[in-house]
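These notes concern the structure reproduced below.
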2 protein chains.
Amino acid sequence: MKPNTIIQGDCIEELKKLPDNSIDLIFADPPYNMQLENALYRPNNTKVNGVDDEWDKFASFAEYDTFCTAWLRECRRILKNTGTIWVIGSYHNIFRVGNIMLNLGFWILNDVTWYKTNPMPNFMGTRFTNATETLLWCSKGKEHKKYTFNHKLMKKYNGDKQMTSVWQIGLCIGEERLKGEDGKKAHSTQKPEELLKRVILSTTKQNDVVLDPFFGTGTTGAVAKKLKRSYIGIEQESEYITLATNRIDKIKDCFEEADWVEESKENKSLPISP
Amino acid sequence: MKPNTIIQGDCIEELKKLPDNSIDLIFADPPYNMQLENALYRPNNTKVNGVDDEWDKFASFAEYDTFCTAWLRECRRILKNTGTIWVIGSYHNIFRVGNIMLNLGFWILNDVTWYKTNPMPNFMGTRFTNATETLLWCSKGKEHKKYTFNHKLMKKYNGDKQMTSVWQIGLCIGEERLKGEDGKKAHSTQKPEELLKRVILSTTKQNDVVLDPFFGTGTTGAVAKKLKRSYIGIEQESEYITLATNRIDKIKDCFEEADWVEESKENKSLPISP
DNA sequence: TATAAAGGTGAATCCGCAC
DNA sequence: AGTGCGGATTCACCTTTAT
């Protein structure tokens, strides 16, 4: 198990190769199974560029459940007893995922709400603006109480008040959003670095190993490097691996966490590498 | 089926007596199955008065799932095709509940986050402050698209901007919280009226029938009456029924929804009856 | 150059009727 | 069930173009 590598391959197969009790933290951003059918247009008649990637399509709940049970079971096996796991999802999938995690014996520590500061509105006025995604933070089991949680650090980060389970963070847009040669977004679901900063800062120590089984464009690896953690990524698509590799190679500014939190009081963003 | 009544009895048995396709809205606040084993103490050694009621205890996930499947199945049967259902829960149970609802064919419209403005801190510093509960708002099924949603009204209520799925509302405390003769809270999980106001205002029309299968101290009935909707409550415990009956009888000030929304721009609280 | 206006876009389960 | 069409529907923020 070599740290700071991206493994190309099928998520479940590659997880099976990793040894028991070897990982300090897992961050997983699995397919959401969005079940989009028809095109959606804004009031000005422009088309919404929805998630139509093949990797997000599942034939049924049963198929999605089988997939999630398999990768989550492996995640639990390779997690250290002091480790924890984060899984992010939307209402489309998080109730399937949460149910499976409970069945596998994971113990929910928090359901953190990512409260988007700039969500896309509901154009037709048929629902409330869907302004959140949910992160499930879990230990390996009820009996594993000695997990890493940097309470004081997060309190300091939050202006000396205990950080709550609601995180107000904007979408990943602008300079931070990776673009392809055509100027379009390179990945449909790139997550903001601020989200990963809070995850990694709160639940790992320096030099810990962070695993991301759905590495995508490598946000987890990029933030892990900036915060002096090790990372292991698993990703199937070679285009994403190329993007992630370049992105992480460019990073030169790495931080002692204490220094970074001190700085972050004024500016909570880590520098984006050029 | 007589409107504006409280039915005493077992939730599932009483639901079975109600006719198909007869209810406009269901609000359900089921037991959370909190699994609190040890008492929780504050740093100053005072004991936190948690939820330790007998009705909140289930032997296993399987038992809880069986219970929820039964009452949710009946709810779906009695709901009109134009109706919707709200179920509130915390991370302890909402992933069981959500999974069951999906399996029964409910279609999730929003997962609304109740973002508590005054949550109880995590005294031990072992987790993030748990600042939310989740409300699942669902239609009877994907094919039932003509559900009631008062989009314009909620937009007006929200300062002429579309209301999002995050609702910042305080806990039910102070004058609004019902007390027993001993001065202690009369019910361990009384919900704030503001929560029910948003639920009823957004997803019913005047004179619609609102059913609450876990009526408790009758917050649903109280708000329904204030907003000129009908209610049906089901509740097992006679003490709660007495409290709820007295509470609802006291209400004299009822509102046309348009008037109330106009007023609510300055003061979002409906008057608490004396 | 500076400011304003116009255009683009984000994990989206987003209409309803007639034929 | 599928298609076609009239009509109602959006927020924050970034980029590009115009003044």
Side-chain angles (χ1 to χ4, degrees), chain A residues 28-58 60-61 64 87-97 114-135 168-180 182-192 195 214 216-217 219 269 272, chain B residues 81-82 84 98 101-102 105-111 136-152 154-156 158-166:
Chain A
D29 182 12
Y32 288 8
N33 186 26
M34 300 261 297
Q35 311 165 62
L36 302 179
E37 289 187 346
N38 303 314
L40 177 66
Y41 290 87
R42 299 184 181 83
N44 65 5
N45 266 345
T46 61
K47 192 175 176 182
V48 173
N49 183 10
V51 176
D52 58 357
D53 307 79
E54 279 305 316
W55 50 252
D56 197 53
K57 295 193 196 315
F58 293 82
S60 63
F61 281 147
Y64 186 74
V87 184
I88 186 169
S90 67
Y91 69 86
H92 307 84
N93 71 322
I94 201 66
F95 302 101
R96 310 303 305 185
V97 167
W114 171 20
Y115 180 8
K116 300 177 186 183
T117 55
N118 50 350
M120 187 166 76
N122 179 284
F123 298 115
M124 306 302 288
T126 56
R127 308 179 178 193
F128 298 99
T129 301
N130 175 23
T132 68
E133 293 186 25
T134 300
L135 297 102
Q168 292 188 233
I169 301 173
L171 298 168
C172 182
I173 54 176
E175 192 185 359
E176 185 182 337
R177 189 76 187 236
L178 296 183
K179 308 290 197 304
D182 55 359
K184 303 283 184 185
K185 57 188 176 187
H187 190 287
S188 12
T189 69
Q190 185 182 341
K191 294 294 175 291
L195 201 66
F214 305 95
T217 51
T219 307
S269 291
I272 308 297
Chain B
N81 288 342
T82 53
T84 55
M101 293 185 80
L102 291 170
F106 284 107
W107 189 246
I108 300 176
L109 297 167
N110 279 115
D111 57 337
L136 279 172
W137 176 45
C138 304
S139 68
K140 234 177 127 161
K142 184 181 181 179
E143 65 278 18
H144 299 291
K145 292 173 182 287
K146 293 172 70 177
Y147 54 85
T148 298
F149 179 60
N150 301 314
H151 167 65
K152 286 188 178 173
M154 299 316 287
K155 186 172 176 177
K156 196 171 174 185
N158 194 46
D160 289 321
K161 272 188 253 186
Q162 188 171 95
M163 188 175 276
T164 80
S165 59
V166 178

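So you know, we letter chains A, B, ... as the sequences are listed, proteins then strands, and number each from 1. Because the structure is a prediction, the values reported are computed rather than measured.
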Next on the checklist: The test is ring pair (Phe, Tyr, Trp, His ring centres under 6.0 Å); show your working for W137(B) and F149(B) and say whether it passes.
Outcome noted: CA-CA 11 Å; W137(B) 176 45; F149(B) 179 60; 5.3 Å; yes
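Within 4.0 Å (heavy atoms only), G50(A) reaches at least one base atom of the nucleic acid. Residue-level contact check: E133(A) touches the bases, meaning some heavy atom is under 4.0 Å from a base atom. In this structure, S90(A) reaches neither bases nor backbone, as no heavy-atom distance under 4.0 Å exists between it and the strands shown. Using a 4.0 Å heavy-atom cutoff across all strands shown, P192(A) reaches no nucleic acid atom at all.
With distances taken from any side-chain atom of Y91(A) to the nucleotides dT13(C), dC14(D), dT9(D), the minimum falls on dT13(C). Side chain of T126(A), nearest nucleotide from dG10(C), dT13(C), dC15(C): dC15(C). Set against dG16(C), dA12(C), dC15(C), the side chain of V48(A) has dA12(C) as its closest nucleotide. Picking from dC14(D), dA8(D), dA11(C) the nucleotide with the shortest atom distance to the side chain of V51(A) gives dA11(C). When distances run from any side-chain atom of M34(A) to the nucleotides dA12(C), dT10(D), dC13(D), the shortest one goes to dA12(C). Distance from the side chain of K161(B) is smallest for dC11(D) among the nucleotides dG16(C), dC11(D), dT13(C).
For the atom pair N81(B) CG and K140(B) NZ, the distance stands at 4.5 Å (nearest 0.5 Å).
For the pair T117(A) and G125(A), both in contact range of DNA chain D, the more 5′-proximal nearest nucleotide belongs to G125(A).
The shortest non-hydrogen separation linking K116(A) to T132(A) is CE-C, 4.3 Å.
On a pure distance criterion of 3.5 Å, no polar donor-acceptor pair joins the side chain of K152(B) and the base of dA8(D).
Annotation: dT13(C) and dA8(D) have their P atoms spaced 24 Å apart (nearest Å). Between dT9(D) and dA11(C), the distance separating the two P atoms is 26 Å to the nearest Å.
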Checklist entry - So what's the dot-bracket for DNA chain C: Watson-Crick or G-U pairs under 3.5 Å, [ ] if a pair crosses, | if it pairs off-strand? => result .|||||||||....|||||
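No side-chain heavy atom of N49(A) sits under 4.5 Å from any side-chain heavy atom of K184(A). In this structure the side chain of L195(A) reaches within 4.5 angstrom of the side chain of I88(A), judged on heavy atoms.
A donor atom on one side chain and an acceptor atom on the other are not found under 3.5 Å apart for Y91(A) and N130(A). Counted by atom type alone, S188(A) and D53(A) present one or more donor-acceptor pairs between their side chains at under 3.5 Å.
dT13(C) adopts a syn glycosidic conformation, its chi angle falling within 90° of 0.
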